[in-house]
Amino acid sequence: MKQRGQAFKFSIITMFLLAVVLTGCAKNNTASNTGAAATAEPSAASTPAGSEAAATTEPAAKKPTVAFVYIGPPGDGGYTYQHDQGRLYMEKELGIKADFVENVPESADAERIITELAQNHDIVFTTSFGYMDFTLNVAGKFPNVKFLHASGYKTAENMGTYFGKNYQASYLSGIAAGKMTKKNHLGYVGAFPISEVIYNLNAFTLGAQSVNPAVKVDVVWTNTWYDPATERQAAISLLDKGADVLLAYQDSPATLQAAAERGAFAGGNDSDMSKYAPDNYLTNPVWNWGPYYVKAVQSVMDGTWKSEQYSGDMADGMVELAPFGNKVPEDVKKLVEDAKAKIISGELEVFTGPISDNKGNVTVKDGQKLTLEEVLGMNWLVKGVEGTIPQ
């Protein structure tokens with residue numbers, strides 16, 4: 001497995017506990033803690049009969065050791081970059097130096113690396129969907145370690161999941177795309193044909209249709225999370241078919257850069273990618289992981305952590321929309337901002353019927369709202385998407 005940078009950055013935390021025993025002389029007892037597995041208990045203080053008061057010394061609070069498993073490099077400019085920004089935010093807020101391993105494939109290598117981290121860390125965050133079963137396997141072997149997996153749906157007593165309703169921001173990106181297209185032809189560079197990407201593609205399409213009913217969306221699947229060359233070729237193929245606004249669900253800015261070369265508008269995913277082509281940038285969904293990481297680690301420190309399936313959204317700030325590009329008009333921005341306010345207030349639910357799939361079937365009845373569970377299990381494409389879901 002190819003690693004970029006230092007694969008493991010293990011820190012040694014040293015904790016000195018002082019217990020003072022009032023027996024006429026003072027004795028210092030010092031215990032050191034190296035790694036996550038070791039703990040030290042303070043000595044009990046005794047008080048002679050008739051003493052006016054008991055002298056006690058409280059031990060310093062133990063900070064947990066934390067590790068992250070990344071699918072790509074922190075410098076990818078997208079998904080892993082945002083997770084790493086969240087890690088840095090957590091470190092600053094809690095005074096904890098976390099370790100990470102980058103470029104970990106979604107294979108047996110992941111289970112090996114997660115196992116190694118579990119041996120000397122209290123909390124392990126695994127940040128890609130394909131790590132789900134590997135994380136669950138390791139969690140069963142290390143019941144005293146807390147595992148938190150991004151985007152998955154399997155849990156255990158010591159394993160929770162976390163993600164967010166990024167489809168809300170995909171819908172808003174669709175509104176911008178639907179207004180910016182001159183050909184009523186949009187393109188979507190899909191990563192993998194999994195529900196996470198499918199419901200974001202569908203939300204993007206519904207957003208575009210809300211302001212431009214004539215719009216259609218072509219989709220190309222790359223089966224990559226971070227492969228700029230492959231993603232660039234997929235974007236070019238959509239531009240060749242006539243799409244003049246693109247959105248991508250990968251971690252690289254390759255789609256945006258390819259669109260800029262043709263004078264087309266585009267957005268990326270996960271983070272603000274405007275710096276790569278400011279005059280051709282649309283906007284796109286952005287993750288803000290930091291506050292969640294602080295909350296999760298703090299709950300472990302407080303002893304209140306429990307396994308859950310956490311889903312953030314635009315209201316709590318986990319999901320955001322990147323700033324608009326230089327050439328997005330003010331009237332388009334206002335349309336998007338008005339819809340954003342309705343999403344945050346709860347007035348606008350993205351997947352509210354009537355909605356039909358691209359085969360002509362009514363999948364969401366008029367007035368019906370899909371539950372979060374139904375959204376997360378989505379395996380169909382909305383009307384207006386030109387393409388299929390590979391089996």
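- Judged by distance alone, the side chain of Thr224 and the main-chain N or O of Tyr226 form no donor-acceptor pair under 3.5 Å.
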Audit row: Tyr281, Tyr276, ring-ring contact (aromatic ring centres under 6.0 Å, His included) steps and yes/no: CA-CA 8 Å; Tyr281 189 59; Tyr276 296 102; 9.1 Å; no
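- With Tyr199 contributing its side chain and Lys165 its backbone, the two residues share no donor-acceptor pair below 3.5 Å.
- Between Phe100 and the choices Tyr293, Phe68, Tyr70, the ring-ring contact (aromatic ring centres under 6.0 Å, His included) rule is met once, by Tyr70.
- For the pair Gln309 (side chain) and Tyr153 (backbone), a donor-acceptor distance under 3.5 Å is present.
- The residues Asp218 and Lys241 are annotated as salt-bridged, a charged nitrogen and a carboxylate oxygen being separated by less than 4.0 angstrom.
- For the atom pair OG1 of Thr255 and CG of Leu246, the computed distance is 6.5 Å after rounding to the nearest 0.5 Å.
- Across every non-hydrogen atom of Pro105 and Ala110, the tightest pair is O-CB, 3.4 Å.
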Salt bridge (Lys or Arg N to Asp or Glu O under 4.0 Å) assessment of Glu116 paired with Arg112: CA-CA 6 Å; Glu116 291 175 357; Arg112 175 181 61 80; 3.3 Å; yes
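- One finds a salt bridge joining Lys334 and Asp338 here, because a Lys/Arg side-chain nitrogen approaches an Asp/Glu carboxylate oxygen to under 4.0 Å.
- Counting only distance, with no hydrogens or angles, the side chain of Ser307 and the backbone of Met159 share a donor-acceptor pair below 3.5 Å.
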Test side-chain hydrogen bond (donor to acceptor under 3.5 Å, both in side chains) applied to Thr222 and Thr230, step by step: CA-CA 7 Å; Thr222 64; Thr230 299; over 6 Å; no
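- For Trp289 and Tyr89, the gap between ring centers reaches or exceeds 6.0 Å.
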Test side-chain hydrogen bond (donor to acceptor under 3.5 Å, both in side chains) applied to Glu196 and Asn200, step by step: CA-CA 7 Å; Glu196 174 190 336; Asn200 275 284; 5.5 Å; no
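- Not a single donor-acceptor pair under 3.5 Å links the side chain of Asn284 to the backbone N or O of Gly267.
- A side-chain donor-acceptor contact under 3.5 Å links Glu374 to the backbone of Thr371.
- Taking CH2 from Trp225 and CG from Asn269, the interatomic distance works out to 8.5 Å, rounded to the nearest 0.5 Å.
- Taking the six-membered ring where the residue is Trp, the centroids of Phe163 and Trp287 are separated by under 6.0 Å.
- Interatomic distance, Leu321 CG to Gln168 CD, rounded to the nearest 0.5 Å: 11.0 Å.
- Ring geometry for Tyr162 versus Tyr292: interplanar angle under 30°, hence parallel rather than tilted (30 to 60°).
- Checking side-chain atoms of Asp76 against main-chain N and O of Tyr81 turns up a donor-acceptor pair under 3.5 Å.
- Without hydrogens or angle criteria, Asn158 side chain to Phe142 main chain gives a donor-acceptor distance under 3.5 Å.
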Worked check of salt bridge (Lys or Arg N to Asp or Glu O under 4.0 Å) between Lys342 and Glu337: CA-CA 9 Å; Lys342 291 179 180 179; Glu337 291 299 331; over 6 Å; no
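- With rounding to the nearest 0.5 angstrom, the CG atom of Leu148 is 11.0 Å from the OG1 atom of Thr155.
- In this structure, Val245 and Leu282 approach most closely via the heavy-atom pair CG1-CD2, 4.0 Å.
- Of the inter-residue distances, the one linking Met314 atom CE with Asn288 atom CG reads 11.0 Å to the nearest 0.5 angstrom.
- In the model, Ser128 has a side-chain atom that pairs as donor or acceptor with a side-chain atom of Glu106 under 3.5 Å.
- At least one donor-acceptor pair closer than 3.5 Å links the side chain of Thr363 to the backbone N or O of Ile355.
- Rounding to the nearest 0.5 angstrom, the gap separating the OG atom in Ser151 from the CG atom in Asn166 is 9.5 Å.
- In this structure, the side chains of Thr115 and Phe134 stay at 4.5 Å or more apart for every pair of heavy atoms.
- Using a 4.0 Å cut-off between a side-chain N of Lys or Arg and a carboxylate O of Asp or Glu, Asp240 and Arg262 qualify as a salt bridge.
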Pair Asp272-Ser274, side-chain hydrogen bond (donor to acceptor under 3.5 Å, both in side chains): steps then yes or no: CA-CA 6 Å; Asp272 177 3; Ser274 59; 2.8 Å; yes
Phe265 vs Thr283, side-chain contact (heavy atoms from CB on, under 4.5 Å): CA-CA, chis, key distance, verdict: CA-CA 9 Å; Phe265 282 91; Thr283 183; over 6 Å; no
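- Using a cut-off of 4.0 Å between Lys/Arg side-chain N and Asp/Glu carboxylate O, Arg87 and Glu91 are scored as salt-bridged.
- Ionic pairing of Lys146 and Asp122 is not present here: no N-O contact between side-chain nitrogen and carboxylate oxygen is shorter than 4.0 angstrom.
- In this structure, the side chain of Thr205 engages the main chain of Leu201 through a donor-acceptor pair within 3.5 Å.
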Tyr79 vs Asp84, side-chain hydrogen bond (donor to acceptor under 3.5 Å, both in side chains): CA-CA, chis, key distance, verdict: CA-CA 9 Å; Tyr79 184 75; Asp84 203 53; over 6 Å; no
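- Ring pair Phe204/Tyr188 is tilted by interplanar angle, where 30° to 60° counts as tilted.
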